[in-house]
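Hydrogens, waters and symmetry mates are skipped; everything else that's a heavy atom, side chains included, is used.
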Amino acid sequence: MAETTWPGERLIAAARRGDVESITALVSGSHPHVRRFARTLCASPEDAEDAAQEALIILYRKIGTLRASSALASWMFRIVRNECLRRLRRDVPADLSTADILTDSAEDEALQRLEAGRIAAAIATLPADQRQVLIMRDVQGYSGRMVADALGLSLPAMKSRLHRARAAVHRTLHSAEQ
């Protein structure tokens, strides 16, 4: 299966300027990535589809507010994450606690949703350069070489950022448990 790449800088720049054809192409070209984010972060396939659609609508409406073309993936990840978290909060009772959760599949699913939300929140706190590498490598599944090339980094520099990002997420998740 061939890996698809995010839309290019020229297309994003034209879309930011309001070119309707470019906006349409940008939304279409971003769709596979947004769906992959949503499937990774949302609790159910239905929530993932809804979150992806909402994210694409936001992209269509607000592309002009994107400050830098290179920030598209991070921006879309945050939008999808927020949509997934919004849907999770809607579905999980406010008084749900770990002590109340048994091993039933519905309760396991709720725990998985909460964990996905914690991970997404930890990723969102990363510096942009680390977050971008982590998302491209671990969420989107691009090879290390592809990530390095796409970001204009040497392979060792990409690996260093990825290591720092993973370590920071690990620290954030484990400090929250204590």
Would Ile79 and Leu59 count as a side-chain contact (heavy atoms from CB on, under 4.5 Å) if you check the C-alpha gap in whole Å, the side-chain angles of each, and the deciding distance to 0.1 Å?
-> CA-CA 9 Å; Ile79 292 169; Leu59 172 62; 5.8 Å; no
Specify the closest pair of heavy atoms between [X] and [Y], including all atoms of both residues, with the distance to one decimal.
X      : Y      : result
Ile23  : Ala15  : CG1-O, 3.6 Å
Arg81  : Ala121 : CD-N, 4.1 Å
Met136 : Ala150 : CE-CB, 3.7 Å

Side chains of Ser74 and Arg78: do they bring a donor and an acceptor to under 3.5 Å?
-> no
With a 3.5 Å cut-off and no angle check, do the side chains of Arg166 and His163 form a donor-acceptor pair?
->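 Distance-only check fails for Arg166 and His163.
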So Asp149 and Met146, side-chain contact (heavy atoms from CB on, under 4.5 Å) or not? Walk me through it.
-> CA-CA 5 Å; Asp149 290 347; Met146 287 184 73; 5.8 Å; no
With side chains defined as the heavy atoms from C-beta onward, is the minimum distance between Asp138 and Leu162 less than 4.5 Å?
-> yes
Tell me, do Arg161 and Arg164 make a side-chain contact under 4.5 Å, heavy atoms counted?
-> yes
Derivation of the side-chain contact (heavy atoms from CB on, under 4.5 Å) call for Arg145 and Leu155 = CA-CA 6 Å; Arg145 172 53 53 204; Leu155 190 57; 3.4 Å; yes
Give, for atom CG of Leu26 and atom CD1 of Ile63, the distance between the pair rounded to the nearest 0.5 Å.
-> 5.0 Å
Rounded distance [0.5 Å steps], CE in Met76 versus CD1 in Ile135 =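 Answer for the CE-CD1 pair, Met76 versus Ile135, is 11.5 Å.
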Quick one: sort the His33 and Tyr142 rings into parallel, tilted or perpendicular, breaks at 30° and 60°.
-> tilted
Is the backbone N or O of Ala124 less than 3.5 Å from a side-chain atom of Arg131, with the two atoms forming a donor-acceptor pair by type?
->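 Looks like yes, one N/O pair under 3.5 Å.
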